[in-house]
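Beneath this line is the structure, given in structure tokens, with notes to follow.
The model shown is predicted, which means the values in this text are computed figures rather than measured ones.
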Amino acid sequence: MPKRRPIVAIVGRPNVGKSTLFNRLVGERRAVVNDVPGTTRDRIVGTAEWLDRVFDVVDTGGLDPTAGQKGKAPLSVDSAAFIEAIRQQAAEAVEDADVVLFVVDAEAGVTPADRQVAEWLRRWQRRDAQGRPQPPVLLVVNKADSDRKAEDVYAFYELGLGEPIPISALHGRGVGDLLDKVLEAVPWAPRFDEEEDEDQVPKLAIVGRPNVGKSSLLNRLLGEERVLVSDIPGTTRDAVDTRLRYYGRDIVLIDTAGIRRKGRIEPGVEKYSVLRALRALQRADVALLMLDATEGVTAQDAHIGGYIQDAGKSVVILVNKWDAVPDKDAFTINRYTEQVRQALNFLDYAPVLFISAKTGQRVHKVLPTALEVYEARYTRLPTSLVNRILQDAVDKHPPPPSKGHKALKIYFGAQVGVAPPTFLLQVNDPKLAHFSYLRYLENQIRAVQPFVGTPIRLLLRGKEKRRKKK
């Protein structure tokens with residue numbers, strides 16, 4: 001069995017550079033970085049590697065026990081509503097962690113909020129059999145960009161959490177020393193060759209426009225309040241990865257920020273949140289496209305469906321808030337299905353589920369359907385079967401001739417790839433292939449192998465002309 005990855009949680013008051021450090025450790029811009037306190041709200045998880053060892057890094061929202069006190073600069077209006085939820089998320093991250101990185105600001109010095117966060121961490125620590133505090137806390141003094149600033153870190157000894165470690169997350173200064181300390185705390189971190197093949201773990205991205213219930217669905221699937229849920233559109237700003245064990249199989253669920261149309265995206269934090277949602281879609285296998293049953297299929301829903309199709313991802317369409325649809329009868333679900341099919345006709349291969357993340361109605365069907373779609377994504381047809389399908393299709397409906405009285409000829413076909421299933425057809429001239437006929441061929445392939453929820457790609461290669469001998 002592969003070893004479990006250690007969990008390293010990053011905590012601290014707002015705007016000390018926690019997300020910058022997170023991005024530095026995982027080697028990519030996964031967390032949103034902004035000077036506005038309260039930008040990070042959920043727990044964001046990434047994988048870091050150091051000296052051939054791997055561990056998970058968790059970014060958390062800023063802990064500010066002094067928020068709202070007299071003389072204290074207020075958080076942004078929307079972030080203030082989430083103070084208690086942010087604290088709870090950070091508490092759960094610390095409880096799960098094997099190592100905690102307590103980040104403070106060298107430029108600001110020791111603040112009252114730092115002292116209260118330090119005391120809060122000590123209350124959360126437990127003792128092991130040898131009486132050592134668990135999880136161990138490493139005191140990380142960020143923004144120590146020069147030797148002079150690095151000398152100022154000694155003031156942080158007063159927090160009573162051991163030796164301060166000066167770093168600059170922005171420039172990478174001292175991060176190597178910090179990672180050495182992390183591995184000293186978790187010497188059992190697995191090597192890469194002891195890891196499971198991540199490509200074999202299905203990754204499901206929950207996507208949709210703002211406020212359709214994406215985070216509510218994730219919490220319902222997990223059975224816990226894993227991410228923040230609110231009626232305020234735009235609550236989720238980062239793509240949140242959560243690993244779930246489902247009937248002995250690992251699944252990664254990716255909750256994403258709501259995707260608005262480009263013209264309606266606010267500059268700054270929201271813009272980057274949408275970019276991260278699209279990047280999360282790129283690394284997913286299956287997209288769970290959520291719609292709002294009370295609003296029907298909107299132009300933006302179709303826009304997001306186009307993103308999914310362009311990315312070549314498999315898809316399950318989830319019509320959420322089905323419990324809120326009034327006056328339902330035995331035919332309502334059929335009428336809604338027809339509306340969804342008409343509005344998203346380019347995703348006609350996608351299964352449609354009518355669910356309620358709020359009540360749990362039909363949510364039990366989401367993961368089995370998504371895994372069925374995932375398996376279809378990696379299905380490969382033998383070459384003999386592909387050619388038999390193509391020959392039968394041509395016999396039933398030959399390619400129509402073009403304007404020059406010349407028709408497409410298909411000599412040979414084979415499936416050359418999966419994820420998504422990709423077929424290469426050897427033809428006389430690719431230019432003679434009309435879109436409608438290629439769609440016909442796709443439908444004939446699906447009649448034999450449905451490839452449920454999965455796009456099919458048809459590539460055409462022209463017959464090479466022989467060079468005349470001199």
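- Donor-acceptor pairing under 3.5 Å is recorded for the side chains of Arg209 and Thr298.
- A salt bridge between Glu375 and Arg249 is present, with a side-chain N of the basic residue lying under 4.0 Å from a carboxylate O of the acidic one.
- Between the side chains of Asp145 and Ser168, at least one donor N or O lies within less than 3.5 Å of an accepting N or O.
- Residues Val315 and Ala350 come closest through the heavy atom pair CG1-CB, 3.5 Å.
- Taking the six-membered ring for Trp and thresholds of 30 and 60 degrees, Tyr437 and His397 have ring planes inclined between 30 and 60 degrees apart.
- Pro430 and Arg461 make their closest contact through CG-C, 4.1 Å (heavy atoms, listed as atom of the first residue, atom of the second, distance).
- Closest of all the heavy-atom pairs between Asn387 and Gly413 is ND2-O, 2.8 Å.
- Shown here is Lys328, whose NZ atom has more than 12 heavy atoms of other residues, nucleotides or ligands within 6.0 Å.
- A salt bridge does not link Lys18 with Asp59: none of the charged nitrogens is closer than 4.0 Å to a carboxylate oxygen.
- Of the N and O atoms on the side chains of Arg377 and Ser314, at least one donor lies less than 3.5 Å from an acceptor on the other residue.
- Contact of the Tyr378 side chain with the Asp285 side chain is registered, since non-hydrogen atoms from C-beta on lie closer than 4.5 Å.
- In this structure, Lys358 fails the cation-pi test against Trp322, since its NZ or CZ atom is not both closer than 6.0 Å to the six-membered ring centre and inside 45 degrees of the ring normal.
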